Amino acid sequence: MRELGQPTYRADQLSRHYFGRLTDSPDEMTDLPADARDALAAALLPRLLTAERELTCDGGTTRKTVWRAADGAYLESVLMRYPGRVTSCVSSQAGCGMACPFCATGQAGLTRNLSTAEIVTQVVAGARALARGEMAGGPGRVSNVVFMGMGEPLANYTSVIAAVRRLTDPVPQGLGISQRSVTVSTVGLAPAISKLAAEKLSVRLAVSLHAPDDELRDELVPVNRRWQVAEVLDAAWGYAAATGRRVSIEYAMIRDVNDQAWRADALARLLAGRLAHVNLIPLNPTPGSRWTASDPQVAAEFEARLADRGIPVTVRDTRGREIDGACGQLAAASKADDSLRSG
Ligand code: SAH
């Protein structure tokens, strides 16, 4: 503000517009001098992401946005309304470098890390749409944020942690979402999990395990060759001890690949007595993949074996399938469209 020749309290005013009233449009900033509004908004709240496409399904309660960043990078976010809560699923990177073979984003590779503001903006845009009643079910608020869009959040550590603080600090510093309602999901970058444990945040940690044994996990989550199951889980238990929060173990059920009864038993042994909860995800097949979702009966048996051994387990719902907004489907088809146009 000083550089712009303005009194410093304008920073607070502008922050209240952005995080409190969810606006970045100068016309609505009537408490700012009319001759300074445009310049202030342009300098401090530049438009970072432009909605390229918006797709809805599930009766208007799921909405996917394909964003184009200033440098042309594509990313996606999904807003999901449930009874009593609205979850914003955000991207932390454009693309992803983790190369998990069952994930659409993993196939496309990493374009770049997103900035803190590019992450926060995805949630603010959803909050704005909800506040204006643009989503089925009437006006509402974003209550939950999950870093389960494109990218590996812990590979963009600094920006993601800063984004968590902006999302969870109260207005005017942030959006005022509860830390407990934010989930950081990771392939298992063990040192970064330990670092996260030391941040003194109470966000939920989700670990995408997908296999209890290193032999299979090396294939499903290639970074496992660097940090193996035991090391990843050690870091996760460190996180649980530091925060008192139950770790969510994500497990995509892939037919005849990781859904055998013996693997359920092996998983139960790994988690016995731990502060953990298993979230089974029916695999969402990606185009060209040789894999498909487990047979429902096999999945039910897998779930029952965990439950019988005292492991809390739930099956994740699969929102957004028709709009490629379900987990692992965020491949930003626009990128492909662009290369077709230019190619
Ligand atoms: N990179 C982070 C966060 C993004 S992926 C991570 O891996 O956790 C969010 C979740 O969707 C992860 O659990 C991931 O394994 C899962 N996922 C990816 N592709 C999927 C697919 N095709 N079907 C079901 N789940 C998938």
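Each ligand, and each atom within it, is numbered from 1 in the order the structure gives. Keep in mind that what you see is a predicted model, and the values were worked out from it rather than measured.
Of the candidates A252, A155, G149, A206, it is G149 that places a heavy atom closest to atom 4 (C) of ligand 1. Of the options G106, C100, S289, S208, the smallest heavy-atom separation from atom 12 (C) of ligand 1 is shown by S208.
Side chains of T111 and Q93: a donor-acceptor N/O pair is absent below 3.5 angstrom, by distance only. Side chains of E250 and S248: a donor on one and an acceptor on the other come within 3.5 Å. Looking at R10 and Q13, their side chains do bring a donor and an acceptor atom within 3.5 Å of each other.
Side-chain atoms of D259 come within 3.5 Å of backbone atoms of D256 as a donor-acceptor pair (strictly under, hydrogens ignored). Under a 3.5 Å cut-off, the side chain of R217 and the backbone N or O of L209 do form a donor-acceptor pair. Using modelled atom types, no side-chain atom of D24 and backbone atom of L45 make a donor-acceptor pair closer than 3.5 Å.
Using a non-hydrogen distance threshold of 4.0 Å, C96 does not register as a contact of ligand 1. For the pair E152 and ligand 1, a heavy-atom separation below 4.0 Å is found. Taking 4.0 Å as the cut-off, M150 does not count as a neighbour of ligand 1 on heavy-atom distance.
If you look at T186 next to ligand 1, the close heavy atoms, those under 4.0 Å, all belong to the backbone. Proximity of L283 to ligand 1, defined as any heavy-atom pair under 4.0 Å, is shared by backbone and side chain alike.
Ligand 1 places these atoms under 4.0 Å from at least one heavy atom of G151: 1 (N), 2 (C), 3 (C), 4 (C). Short contacts between ligand 1 and V187, defined as distances under 4.0 Å to a heavy atom of the residue, involve ligand atoms 6 (C), 7 (O), 8 (O). Counting the atoms of ligand 1 from 1 in the order shown, those under 4.0 Å from a heavy atom of C103 are 18 (C), 19 (N). Set against the non-hydrogen atoms of I281, the atoms of ligand 1 under 4.0 Å away are 24 (C), 25 (N). Of all atoms in ligand 1, listed by their number and element, those nearer than 4.0 Å to a heavy atom of N284 are 21 (C), 22 (N), 23 (N), 24 (C). Ligand-side atoms of ligand 1 in range of F147: 3 (C), range being under 4.0 angstrom from any heavy atom.
Considering CE of M29 and CG of L40, their distance stands at 8.5 Å, rounded to 0.5 Å.
For R21, the CZ atom sits in a packed shell: over 12 heavy atoms of surrounding residues, nucleotides or ligands are nearer than 6.0 Å. The 12-atom threshold is exceeded at CZ of R37, counting heavy atoms of other residues, nucleotides or ligands nearer than 6.0 Å.
We find that D31 and R16 are not joined by a salt bridge, their nearest charged nitrogen and carboxylate oxygen being 4.0 Å or further apart.
At a 3.5 angstrom cut-off on N or O pairs, T286 does not count as close to ligand 1. Among the atoms of E250, none of the N or O lies under 3.5 angstrom from an N or O of ligand 1.
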